[in-house]
Every structure is written in structure tokens, then in C-alpha cells.
Amino acid sequence: MPELPEVETVRIGLNQNTLGWQIEGGEVLLPRAIAYPDHPEAFLAAMLGQEFTEWQRRGKYLIASLSKGHKLGVHLRMTGSLLWCDRHEPVGKHTRVRLFVKEKTSSKKQKTSHPKELRFDDQRTFGKVWWVPSDQPTESVITGLQKLGLEPFDPEFTPAHLSTKLSRSGRPIKTVLLDQEIVAGIGNIYADESLFLSKIHPQLPANSLTSAQVEALHQAIIRALSDGIAKGGTTFSSFQNIAGIKGNYIDTAWVFRRTGQPCNICGTTIIRIKLGGRSTHFCPQCQSAIAKDGKN
DNA sequence: AACCTGACCTGATCGC
DNA sequence: TGCGATCAGGTCAGGT
């Protein structure tokens, strides 16, 4: 799930469901899923009585504002998911952390809602959860935030900015796009998709792109990520449901995981290579290795 | 600084 | 069918 569009989809779902709910307990089934504090008991004790105020996203990180300036951070890594479910839903094999919540009845309304739960499932156990005390800077606890590049939807993320970043590296452009210090939030799906949309060969050295190519890539990144968000990412579409329902970006992917299938533009067979240890999918015809100048 | 590799994990699928 | 190899949407530490 977890590239920017998926995390953004999750964030929207969390904001639609969890605000005004208060944590009244929890359970940590996998202690190392809690990145801070060291002991799960300390984590649960800190969470007790906290209410969700707002969920924000930075790159692929989710950050919830809680009561009194405290925060909760979550990174889904490869296989993590956050589920808003009924508390009596049986835990799965991959359930790692559970936060029991009750609706805070601000007025005199009756409590009709069933007890709910914010559940962190994660098959491969790479995902992390942080408690961020109000007296500590968020990035000193969630250290991965420190070196994140600009958000792709930040007005400061311009072709000129991207060009500066790319000029400092001779690595393949695909590999550089996965570097969170360049642009925050791009992962393997949207790196491949952005390169297809901008007709750039994934192996081109980042610092060899022409200004026209950088401009095309800048636009393609924004478009690919926007399209992903519009489709609800690739795994989630809703938090109303108990289980994560599949988003459908993958059905409209241009190249990602389409090895052996015809390019939707030219019909050439999509190929897969390995770059920086990651699968890379592209159209050898549309994404020619020769840097051509001009408009896209 | 830039870049590379391996490590962290579980489970599904590939290839002979 | 069996079984080792590979693959999976991501970082992070440690080395050159």
C-alpha cells in the first residue's frame, strides 16, 4: 500500500473516522512495532485518554495530533495497514498493535456507537509506530522526517528545484526518485509511472536529464501521484469497511507490474530490469535511452 | 558527500 | 509434487 497516494488515502479515511474518538486501552502484540518509547507498556500508558484531533501526512509518514500537543506517528513501510474496525473483529495473524477507542460524547447525545478499534496490521513487520511527547520535536523522535525532501504538491517543488536535486547525482534516475531526500513520498510504483509519463529511460543518470526532461518529469510526478490519490491508491479505497478494500490505481498503471504486456501507447512489450535492488518496469520504445530535447 | 550492500521479516509464487 | 530461489508498494546502518 504505502506510497504517497496510499498513505494519503489512509489519512483521509482516518480524518473521516477517528476524530473525536478517545483511546481507552490497547494491546501491543509485537513489541518491536513500537519504535518509541522503548517499552510497549509505556507506549500504551501514554496513549491512554488521548483523543485524535487531526491526521497529517509527511512523505509516507502519518502523524496524528492528539490531546495536549502529543502526537502519534505511523509508517506502514511495505505491508502495514491501519484499519478502523469493530473491536470484536477477531485479530488476524498479522495484527501488531491495537488501540481501543470510544466516541467522546461532547454533547448529551446517547452513545449509540459500538466500541471501535484502530488496528495496525503488518505482515512483514517493517512498519513502525511512535509516541511523540509534546515536549519533544517530532523529528527528534521520528528521525526519518529529518532528511525528507519537499512534498511534491508543495508550491516550492518546481522544475528548478527538482533540477538542482537531480544535478547532484549520477545514479540512475529511477533510483534517485526513490530517494526520499529528493522528493518525499515517491515509491516503486509511482517512480516507474512517472518515468513512463515523462518518456524517460529509468537508467539515465539523474544529472544527464535535459531541462525539458526535468520539466516533463516534474509534471509527471505530480500527475502520477494525483492519479493515484484519485483512484484511492492501490489497496485502500475506504475506511468505512472493516478490511482494507483495494484501491484501483493498479488497474490503470502504464507500466508497473506489466512485464510482458503491450505498452498502452505503442504496443511494445513492457520489460523489467533491476535497479538499485528494485524491480523497474518500462517501455523500451516510449522511454528511449537517448536524451532528446524538445517538448513532450 | 555519494553510493553500494546487506539487514530487517513473512509469505506467495516462480522455475526446474 | 517438491523445494530452493526469487520476489513483494521501504527504510536504515555500515562500509568503501
Side-chain angles (χ1 to χ4, degrees), chain A residues 1-11 29-36 57-62 73-82 92-97 120-130 139 141-149 164-196 203 205-208 221 224-225 227-229 231-237 244-260 272-281:
Chain A
M1 303 123 249
E3 293 182 42
L4 187 153
E6 291 73 38
V7 177
E8 180 65 11
T9 301
V10 171
R11 185 188 74 82
L29 293 91
L30 182 74
R32 67 184 149 70
I34 309 297
Y36 187 89
R57 181 190 56 72
R58 178 75 175 96
K60 300 170 193 170
Y61 290 83
L62 282 164
V74 178
H75 197 300
L76 304 172
R77 292 288 181 90
M78 297 283 267
T79 54
S81 60
L82 283 173
K93 196 198 292 189
H94 304 122
T95 301
R96 309 305 184 195
V97 181
F120 178 60
D121 276 23
D122 187 17
Q123 187 214 111
R124 292 177 71 184
T125 75
F126 292 160
K128 295 291 179 199
V129 177
W130 298 260
E139 62 278 10
V141 178
I142 309 176
T143 52
L145 293 171
Q146 288 168 14
K147 298 203 288 181
L148 283 187
T164 303
K165 291 277 195 179
L166 298 184
S167 69
R168 294 203 272 260
S169 175
R171 296 138 88 203
I173 182 62
K174 159 64 187 277
T175 303
V176 172
L177 285 179
L178 293 178
D179 183 341
Q180 301 299 292
E181 294 183 40
I182 308 296
V183 189
I186 300 175
N188 211 33
I189 299 174
Y190 300 95
D192 283 1
E193 296 291 285
S194 297
L195 289 171
F196 176 83
Q203 277 176 310
N207 57 13
S208 76
I221 288 169
L225 295 172
D227 286 355
I229 293 170
K231 298 267 197 259
T234 62
T235 306
F236 281 84
S237 66
I245 288 199
K246 288 180 194 295
N248 42 27
Y249 180 83
I250 201 74
D251 300 334
T252 56
W254 294 97
V255 289
F256 188 76
R257 292 211 191 164
R258 293 196 64 241
T259 312
R272 184 180 70 141
I273 60 173
K274 194 82 118 173
L275 283 183
R278 312 296 301 276
S279 275
T280 297
H281 318 73

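Labels below follow one simple rule: chain letters A, B, ... track the order of the sequence lines, proteins then strands, and each chain is numbered from 1.
- Listed pair A:Q180 / C:dT11 meets the phosphate criterion, a side-chain N or O lying under 4.0 Å from OP1 or OP2.
- Counting only heavy atoms from C-beta on, A:R272 has its side chain closest to C:dC7 among B:dC3, C:dC7, C:dT11.
- Side-chain contact between A:V10 and A:L62 is present, with heavy atoms from C-beta onward closer than 4.5 Å.
- If you measure from atom CG of A:N188 to atom C1' of C:dA8, you get 10 Å, rounded to the nearest angstrom.
- OP1 or OP2 of C:dA8 has not a single side-chain nitrogen or oxygen of A:T79 nearer than 4.0 Å.
- Rounded to whole Å, the separation between the P atoms of C:dA5 and B:dG6 comes to 15 Å.
- In the set B:dA2, C:dG10, C:dC7, B:dA2 carries the atom at the smallest distance from any side-chain atom of A:R168.
- In this structure, CG of A:D121 is placed 15 Å from C1' of B:dC9, rounded to the nearest angstrom.
- Comparing B:dC4, C:dA8, C:dT11 by their closest approach to the side chain of A:H75 singles out C:dT11.
- To the nearest 0.5 angstrom, A:I186 atom CD1 is 8.0 Å from A:L178 atom CG.
- In terms of phosphate contacts, A:R77 brings a side-chain nitrogen or oxygen within less than 4.0 Å of OP1 or OP2 of C:dC12.
- Taking atom P on both nucleotides, C:dC3 is separated from B:dC8 by 26 Å, rounded to a whole Å.
- Across all strands shown, A:R124 has heavy atoms under 4.0 Å from base atoms, whether or not it also approaches the sugar-phosphate.
- Within the 4.0 angstrom heavy-atom criterion, no nucleotide atom of any strand lies near A:K128.
- Between the side chains of A:Y190 and A:E6, at least one donor N or O sits under 3.5 Å from an acceptor N or O.
- In this structure, A:Q123 contributes its side chain and A:H94 its backbone to no donor-acceptor pair below 3.5 Å.
- Between C:dA8 and A:S279, a contact under 4.0 Å exists linking OP1 or OP2 to a side-chain N or O.
- If you check every strand for non-hydrogen atoms under 4.0 Å, A:R257 touches a base.
- One interatomic measurement links the two molecules: CG of A:L148 to C1' of C:dT11, which rounds to 11 Å at whole-angstrom precision.
- When rounded to the nearest whole Å, the span between NE2 of A:H281 and P of C:dA8 equals 6 Å.
- Nucleotide C:dC7 holds its C1' atom 11 Å from the CZ atom of A:F256, rounded to whole Å.
- Look at A:H94 and you won't find any side-chain N or O under 4.0 angstrom from OP1 or OP2 of B:dC9.
- Within the 4.0 angstrom heavy-atom criterion, no nucleotide atom of any strand lies near A:T175.
- Using the Watson-Crick or G-U wobble rule with both distances under 3.5 Å, B:dC9 pairs with nothing in any strand shown.
- Nearest nucleotide to the side chain of A:F126, out of C:dC7, B:dC8, B:dA2: B:dC8.
- The A:Q123 side chain lies nearest to B:dT10 when the options are B:dT10, C:dC7, C:dT11.
- Summarising the geometry, atom CZ belonging to A:F256 is positioned 5.5 Å from atom NE2 belonging to A:H281; distances are rounded to the nearest 0.5 Å.
- Computed from coordinates, the A:L76 CG to B:dT10 P distance equals 19 Å when rounded to whole Å.
- Within the 4.0 angstrom heavy-atom criterion, no nucleotide atom of any strand lies near A:K147.
- Side-chain contact check for A:K174 versus A:N188: some heavy-atom pair is nearer than 4.5 Å.
- Side chain of A:K60, nearest nucleotide from C:dG10, B:dC9, C:dC7: C:dG10.
- Remark: the A:D121 side chain and the A:S81 side chain contain no N/O donor-acceptor pair separated by less than 3.5 Å.
- Remark: P of C:dT11 and CD of A:E181 are 12 Å apart, rounded to the nearest angstrom.
- Between the CZ atom of A:R32 and the C1' atom of C:dT11 there is a distance of 15 Å, rounded to whole Å.
- A:G277 comes within contact range of no nucleotide atom at all, as no heavy-atom separation falls under 4.0 Å.
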